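Heads up: the structure comes next, in structure tokens.
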Amino acid sequence: MSKHIERRDFLKLFGAGVAGVTAALTGCRPKTVAGPIKDDYSQLQEARGDRMTYRKNPTTGDKVSLLGYGMMRLPNREDGEIDQEAVNRLVDYALAHGVNYFDTSPAYCRGNSEKATGIALSRHPRDSYFIATKLSNFNQATWGRRESIDMFENSLKELQTDYIDYYLLHGCGMGGMDNLKARYLDNGMLHYCIGQRREGRIRNLGFSYHGDVAVFDYLLSIHDQVHWDFVQIELNYLDWDYANEINDRNTDARYLYAELQKRGIPAVIMEPLLGGRLANIPQYLMERMKQRDPDASIASWAFRYAGTPEGVLTVLSGMTYMEHLKDNLLTYCPLKPVTPEEENFLYDIAYHIVNVKLIPCNDCKYCMPCPYGVDIPGLFVHYNKVKSHDRLPENAQDSGYARLRREFLVGQDRSVPRLRQAAHCIGCGQCKPHCPQNIDIPEELHKIDEFVENLRQNT
Amino acid sequence: MLKRTRQILAALFFAGITLLLLDVSGTLFHYLSWMPKMQLLPAILAANLAVVAIILALTLLLGRIYCSVICPLGVMQDLAARLNRKRNPYSLSPALWWLRLTALCVFVLLIVTGLTGVAALIAPYSTYGRIVTHLIQPLWIGADNLLALGAEAVDSYAVSEADWVWYGWMPLIVTSLTLIIIAVLAYRGGRTWCNTVCPVGTALGCVARFSLLKVRFNEEQCIGCGKCSRNCKAACIDFKTYDIDYSRCVTCGNCIDLCPKGALNYGLAASSKIKAEKENTVDRSKRQFLIGTALLAGTALAQEEKKVDGGLAEIVNKAAPERQTPLTPPGSLTARNMTEKCTACQLCVSECPNDVLRPSTSLEHFMQPTMGYEHGYCRPECVRCSQVCPTGAIRPITKQEKSSLQIGHAVWVKQNCVPLTDGVECGNCARHCPTGAITMVPSDPDDEWSLKVPVVNTSTCIGCGACENLCPARPLSAIYVEGHEMHRVI
């Protein structure tokens with residue numbers, strides 16, 4: 001969605017040519033990394049793997065790479081299944097360049113992420129990486145102790161390992177205290193996990209947090225008994241101060257991070273880029289960033305920000321494409337911490353982004369599949385994309401309205417088939433409890449539906 | 001000169017009507033919808049006296065120029081005939097008056113008795129409309145979608161994708177047969193169809209005999225080579241007797257161009273002898289059709305034990321409900337008006353941007369448009385079918401008129417309703433009803449917090465089908481529209 005060819009399209013188009021270019025480049029340049037991946041593009045330099053910034057886990061002493069690989073947004077083949085070959089290549093490249101933290105879950109990628117991660121990682125020595133996975137017992141059918149333990153055992157099987165380096169209670173805070181009790185406390189799963197940690201099948205125990213802050217506070221209040229080895233929180237330059245403003249059921253990252261620091265618990269960072277929203281910011285903000293540093297990608301600002309606090313163990317990025325990975329490696333090999341002045345610059349950017357009032361969807365797909373076939377994240381992503389580029393057709397009197405109208409309608413039909421658009425949201429609300437961002441999904445969809453209906457009628 | 005002029009005008013008309021029938025962008029009808037309205041049969045049905053008068057006057061003045069220029073089926077036959085590369089492909093044949101008059105009489109009879117749809121099987125313009133809509137438009141849409149893919153690749157919004165709708169085997173088979181018959185006849189004998197079967201050709205032929213300007217022989221200059229006779233696609237020139245059958249001559253001007261001696265010219269007519277022969281009836285074979293219904297058997301989303309993220313639930317295709325009374329589009333006034341006026345040219349079907357209109361499969365309404373809401377619904381901002389219809393089967397209406405025009409009413413089908421079958425909140429029908437005719441009420445009258453189900457105010461429902469189309473129940477909706485024989489303003 002820009003005047004430039006998207007980089008992945010560029011790759012598709014010129015993939016064949018790239019091999020030749022690479023051969024030419026590697027010939028006249030000292031070879032730094034002997035990775036199995038040989039492609040490259042002229043404007044992107046390869047990161048040097050030996051320069052990765054590492055953070056030390058205070059309890060186990062693990063040396064964790066600041067860039068963590070999120071296995072939630074793995075590349076798909078045409079038929080919708082995970083492209084294992086591409087995953088293998090990405091994992092090989094990441095390992096070769098110093099990434100050693102891989103975060104997955106039994107729920108990710110329609111339940112196929114752990115398996116794909118296991119296949120890719122098991123091709124490397126077990127002590128060369130850390131595996132993080134979660135107890136994703138969201139469905140009530142899996143709340144029982146037996147079912148939850150089965151889920152843990154199955155994770156070990158899928159990941160082809162006999163221990164998990166980082167194990168998380170998944171999505172604490174979603175559904176409030178009641179949900180926490182039902183999933184982890186009343187069924188004794190928290191104690192089970194502590195026991196597994198004692199036995200070494202779990203090396204570090206933590207939880208990931210979204211939503212109700214009472215749950216966060218409660219879990220930290222029992223830190224003395226549990227000894228959380230790490231906690232996974234959402235942190236980025238937008239959520240630092242504006243999480244609560246964007247959605248009053250969310251908590252500012254400033255508070256969450258400070259609470260962890262007080263207790264010396266390392267933080268694992270998720271959503272550093274808000275599902276790509278911080279890479280796809282309004283044009284005028286993009287220009288400001290590029291003015292300051294023409295060579296840095298927009299995403300790199302967000303990654304530098306998230307990696308700067310010393311209490312951060314690793315920053316997770318769901319890298320679907322090789323160029324995401326390469327760009328992030330450049331950012332973290334080594335990390336150039338943001339200066340206080342740059343920090344203020346980013347907060348100013350954040351202030352402007354908040355005022356665009358996008359739907360706070362990070363395209364995590366937890367809400368999916370909608371039983372009535374609606375492509376919820378597809379619709380939100382399209383709407384946000386248009387809105388953040390300030391190309392929303394809002395006033396029929398505006399010159400250029402007809403053009404924007406067509407762009408929106410045709411663009412939406414291209415992104416999401418008609419049968420999966422907002423008009424088909426019946427408002428059953430089954431998606432709502434699954435959203436880590438607490439978005440009132442039916443309400444937002446009905447708003448989009450109304451907007452689209454008005455566009456259609458305003459011929 | 002005559003030939004060249006005729007060719008240019010014919011090309012313009014032919015291209016215009018074809019593009020109009022093919023158009024998926026929804027823009028051309030603004031400029032071209034007058035072209036179908038110039039067709040004789042649609043103009044007669046629409047009681048468009050001005051057009052009928054113009055065509056009659058034109059024929060009285062110039063001969064059957066209508067058949068050579070305005071009629072797209074005529075031009076299509078000329079194109080098919082051009083494929084025949086044989087030298088001197090035709091020869092004089094007698095006029096088959098018995099066949100021509102029988103066809104015309106049967107045709108008129110069918111229309112008078114209200115079986116316009118059946119009669120229209122041999123009506124020239126609508127036959128062409130069916131050929132383009134059912135045989136060429138699918139390819140056109142394919143090409144459009146390729147372009148749309150290309151446009152998407154370069155981030156352009158100029159071309160958008162169009163849906164490819166399957167209307168069943170019947171239209172495809174009928175249209176293919178018609179095309180094969182007409183094309184083969186044209187390839188072998190030029191305007192055979194026009195001069196034997198086509199009722200418009202016969203009617204205009206009767207008038208053209210008295211036309212002012214005619215092709216005629218200059219007997220002194222004629223050397224009797226016979227080139228004119230052997231190249232006359234109407235097979236109506238007898239070079240030996242200098243006779244030209246003006247009831248069949250379509251004033252194409254080919255003979256004038258070809259004559260090595262310039263012995264033929266187009267000018268004020270001398271009187272001509274006409275031989276008419278009459279014979280018995282034609283037997284018309286009855287046709288039977290296979291109507292294939294493709295119901296995609298779908299299964300509900302399998303409930304997974306474990307909650308996993310992502311993926312899309314399968315969507316089962318909607319099936320058409322059995323309506324007691326078929327739906328006809330707003331502007332068609334009554335079912336009867338539609339039956340009597342429509343020549344099934346498919347222009348409305350191919351123009352409908354919401355895939356609501358499709359050819360009827362019943363014999364009584366043969367290929368005349370009927371409505372269904374499985375793919376889309378009759379949207380409030382669209383009155384395109386009423387604007388393009390050349391025959392007055394769908395009268396022009398405005399958006400404002402449409403918003404209060406009742407063409408049917410919604411009926412709730414309790415056993416399919418999602419709040420009752422799936423136990424979830426819904427109300428999608430009420431949310432999308434443009435007239436607010438649907439309200440949600442508690443399913444249990446004694447429990448105001450029970451899940452709500454729709455009630456329809458049939459006096460304010462206009463039958464647009466938003467509810468039926470957007471109902472989540474599949475394949476059969478829990479609310480569907482029953483047609484009204486007479487449309488009314490609410």
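Numbered from 1 within each chain, the chains take letters A, B, ... in sequence-line order. Here the structure is a predicted model, which means the values were calculated and not measured.
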Okay, A:Asn137 and chain B: the region with an atom under 4.5 Å from a heavy atom over there is neither

**Asked** Looking only at side chains, do A:Tyr108 and A:Lys134 share a donor and an acceptor under 3.5 Å apart?
**Response** yes

Honestly, the part of A:Asp413 sitting under 4.5 Å from a heavy atom of chain B is neither

Looking only at B:Leu451, B:Asp163, B:Val159, the option with the highest number of non-hydrogen pairs under 4.5 Å against chain A is B:Val159

Would B:Tyr377 and B:Arg379 count as having a side-chain donor-acceptor pair, cut-off 3.5 Å? yes

| Counting only heavy atoms not in A:Gln140, do more than 12 fall under 6.0 Å of its CD? | no

Per-residue tally against chain B (heavy atom, under 4.5 Å) across A:Cys109, A:Pro106, A:Ser136 peaks at A:Pro106

Whatever's closer than 4.5 Å to a heavy atom in chain B on A:Arg403 counts as neither

A:Glu450, CD atom: more than 12 neighbouring heavy atoms under 6.0 Å: no

When the 4.5 angstrom heavy-atom criterion is applied to B:Ala151 and chain A, the contacting part is both

Mind checking whether A:Tyr366 and A:His170 have parallel, tilted or perpendicular rings, split at 30° and 60°?
-> perpendicular

Per-residue tally against chain A (heavy atom, under 4.5 Å) across B:Arg474, B:His432, B:Arg431 peaks at B:Arg431

Turns out that what part of A:Met151 lies under 4.5 Å from chain B's heavy atoms comes down to side chain

Exercise. For B:Arg384 and B:Pro353, indicate whether the former's side chain and the latter's backbone hold a donor-acceptor pair under 3.5 Å.
Key: no

If we ignore angles and hydrogens, is there a donor and acceptor under 3.5 Å between the side chains of B:Ser477 and B:Glu468?
no

Residue from B:Val154, B:Asn469, B:Leu470 scoring the most non-hydrogen pairs under 4.5 Å with chain A is B:Leu470

### Message
For A:Tyr372 and B:Asp422, which I'm curious about, is there any donor-acceptor pair between the side chains at under 3.5 Å?
### Response
yes

Answer key: most heavy-atom pairs under 4.5 Å with chain B among A:Pro442, A:Ser113, A:Cys425, A:Cys364 is A:Cys425

Bottom line for B:Glu161: the part with an atom under 4.5 Å from chain A's heavy atoms is neither

